[in-house]
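Here is the structure we will look at.
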Amino acid sequence: KACAHLRAVSKRVLLMNGTPVDESPGHAYAQFRLMHPSILACKNWWHFRARYAILGGWQGKQIVKWTNLDDLSKRTAPYVVRHMKKDCLDLPPKLPPVSMSAAMKPDTWKLYKEMREETVAWFDDNTYATAAQAGVRIMRLAQMTSGFVGGVVDLETEKELPPREVGREKLKVMLEWLEQRMHEEPNLKLLIWSRFRAEVERTLVELRTIYPKVQIGAIWGGQKGTERSESISLLDPRHAPAGPAFVVGTVQTGAMGLNLAAAHDVVYLSNDWSARIRSQSEERVHRPGQTFPVSYFEILATGPKGQKTVDHQILKALQRKGEDARLTMAEWSDMLKEE
């Protein structure tokens, strides 16, 4: 609102950011309207939504899909100048992500299916976890694929208990992969991302037990500044140690602004729904100072027989969001040549 007041008395606007649309084409509306209402030629947000959004879901009022993105791109293209990182910096390539499957054990898969189909998972006669709302249930399912679940309640006291471990499948796959990588590269610098703090804490315990001589740091919310600085320095190309070093962090905390380019291997134990956070977390290692091609590894939980889980749905949603952004803010010069 303050920017809108300033815009009213300004003759020129330079909107300086990264990708104008990083998750949803809806993010373009406020930015281009601030520049000038004639760019989009929409009277208001509702007009914009009617032109580019398809509604559905609850009471038919939720945006379920975007359409007419070619029109949106053509309207905005003359007002956008993009300088891509690949055109400004001479960096090694980012390699395509490699997926690694972690088959859930039958007991864990049973709890997962109970939560997915019945919105409640029973651990024993007195302990259960429930999720009546769809959004909470999706989060609980994502927690289960990572080997734990929150929202656990004691039936007799109705008190909520701490997060409960239900499996270690993803952690086991990651540790097996890491053992092989350490043989290949004894001075390995590794960055591990997770959506959940409980998963980060458990991973740290395992890594520090198995690799007591390796310097290991953490990045998460609420930690002391000195602790975070020490962890960041382990993968900062200006300060990284000569030997191996691992950093484990939550993507919501560490995805923005850090230079962790001493590492060139990145493992995702779990993903956030945000395409912006995913994109930014990948870029932490693809920064000035990087001298190797960067490898990304996804650990995706499956059922005992390879059944897909919410992990696959989240990854698919992230890829779809990235495609929407690319279509909306695509290669402007090429599009103008086609007209």
Side-chain angles (χ1 to χ4, degrees), residues 94-112 141-149 163-220 231 234-235 241 243-251 254 260 262-272 278 281-282 284-285 292-312 314-315:
K94 292 172 63 176
L95 302 178
V98 175
S99 295
M100 298 185 288
S101 295
M104 300 167 72
K105 293 182 178 179
D107 290 346
T108 310
W109 180 242
K110 177 176 179 293
L111 292 171
Y112 180 90
L141 292 174
Q143 290 176 341
M144 286 183 171
T145 63
S146 289
F148 73 99
V149 63
R164 181 170 182 142
E165 184 175 89
V166 296
R168 302 170 70 86
E169 294 88 351
K170 280 188 179 182
L171 180 62
K172 181 180 178 182
V173 169
M174 191 275 291
L175 292 174
E176 290 174 350
W177 170 87
L178 179 56
E179 182 180 8
Q180 180 179 343
R181 283 294 290 126
M182 287 292 285
H183 284 299
E184 298 169 350
E185 190 172 341
N187 294 323
L188 176 70
K189 306 291 191 300
L190 175 64
L191 176 60
I192 303 172
W193 288 126
S194 170
R195 177 183 178 184
F196 304 109
R197 175 159 177 161
E199 190 172 33
V200 170
E201 292 176 338
R202 184 177 63 180
T203 302
L204 284 171
V205 171
E206 290 295 320
L207 290 176
R208 286 168 175 163
T209 301
I210 298 172
Y211 300 99
K213 297 182 179 180
V214 174
Q215 297 188 60
I216 300 173
I219 300 174
W220 55 34
S231 297
L234 294 178
L235 298 184
F246 309 150
V247 172
V248 190
T250 55
V251 286
L260 306 176
H264 56 88
D265 282 6
V266 183
V267 174
Y268 285 87
L269 288 172
S270 52
N271 274 296
D272 187 271
R278 171 59 193 241
S281 67
E282 290 182 5
R284 293 315 98 217
V285 296
F292 294 92
V294 180
S295 300
Y296 300 92
F297 301 89
E298 311 270 4
I299 301 182
L300 305 175
T302 70
K305 298 181 180 180
Q307 301 95 323
K308 291 185 177 181
T309 65
V310 69
D311 284 358
H312 299 82
I314 293 174
L315 192 59

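Just the heavy atoms: all of them, side chains too, but no hydrogens, waters or symmetry mates, feed the values below. Just so we're clear, the structure is a prediction, and the values are computed from it rather than from any experiment.
Remark: K170 engages D311 in a salt bridge (Lys or Arg N to Asp or Glu O under 4.0 Å) (not counting sequence neighbours). Evaluation of the side-chain hydrogen bond (donor to acceptor under 3.5 Å, both in side chains) rule for E199 yields S146, S194, S270 as partners, not counting sequence neighbours. Partners of H264 according to the ring pair (Phe, Tyr, Trp, His ring centres under 6.0 Å) rule, which considers only residues two or more places apart in sequence or in another chain, are F292. Y268 meets the side-chain hydrogen bond (donor to acceptor under 3.5 Å, both in side chains) test with S281; sequence neighbours excluded. The side-chain contact (heavy atoms from CB on, under 4.5 Å) search around A142 returns R195, F196, V310, I314, not counting sequence neighbours. Taking the side-chain hydrogen bond (donor to acceptor under 3.5 Å, both in side chains) definition, one finds that S231 meets it with nothing, sequence neighbours left out. Partners of P163 according to the side-chain contact (heavy atoms from CB on, under 4.5 Å) rule, which considers only residues two or more places apart in sequence or in another chain, are F148. Judged as a side-chain contact (heavy atoms from CB on, under 4.5 Å), and not counting sequence neighbours, the contacts of R202 are E165, R168, L171. Under the rule for a side-chain hydrogen bond (donor to acceptor under 3.5 Å, both in side chains), the partners of T250 that lie at least two apart in sequence or sit in another chain are T253.
Note: I216 CD1 to L207 CG = 5.0 Å, rounded to the nearest 0.5 Å. The line from CH2 of W177 to CZ of F297 is 5.0 Å long, rounded to the nearest 0.5 Å. Taking CG from L175 and CD1 from I210, the interatomic distance works out to 4.5 Å, rounded to the nearest 0.5 Å.
A side-chain donor-acceptor contact under 3.5 Å links K189 to the backbone of P241.
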Which pairs of donor and acceptor atoms, one on a side chain in residues 100-110, lie under 3.5 Å apart (sequence neighbours left out)?
unit_1 : atom_1 : unit_2 : atom_2 : d
T108   : OG1    : V166   : O      : 2.7
T108   : OG1    : E169   : OE2    : 3.3
K110   : NZ     : E114   : OE2    : 2.7

Could you pull out all donor-acceptor pairs under 3.5 Å where a side-chain atom in residues 298-308 meets a protein atom, sequence neighbours excluded?
unit_1 : atom_1 : unit_2 : atom_2 : d
E298   : OE1    : N271   : ND2    : 3.1
E298   : OE1    : R278   : NH1    : 3.3
E298   : OE2    : R278   : NH1    : 2.7
E298   : OE2    : R278   : NH2    : 2.5
Q307   : OE1    : K305   : N      : 2.8

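For the salt bridge (charged side-chain N to carboxylate O under 4.0 Å, His left out) condition, the pairs that include at least one residue of residues 174-188, sequence neighbours left out, are R181-E184, R181-E185, R181-D265.
The closest side-chain heavy-atom distance from L95 to Y296 is not below 4.5 Å. Within the 4.5 Å cutoff, no side-chain heavy atoms of L178 are placed close to those of I192. Taking 4.5 Å as the limit, some side-chain heavy atom of T309 sits within range of a side-chain heavy atom of H312. L111 is not listed as a side-chain neighbour of V149, based on a closest heavy-atom distance of 4.5 Å or more. Between T203 and M174 there is a side-chain heavy-atom pair separated by less than 4.5 Å.
Summarising the geometry of L234 relative to Q215, their closest heavy-atom pair is CD2-OE1, 3.4 Å, with the distance given to 0.1 Å. For the residue pair R284 and W193, the shortest heavy atom distance occurs at CG-CZ2, 3.9 Å. Heavy-atom minimum distance, G217 versus L204: O-CD2, 3.7 Å. Counting all heavy atoms, side chain and backbone alike, A263 lies closest to L190 at CB-N, 4.2 Å.
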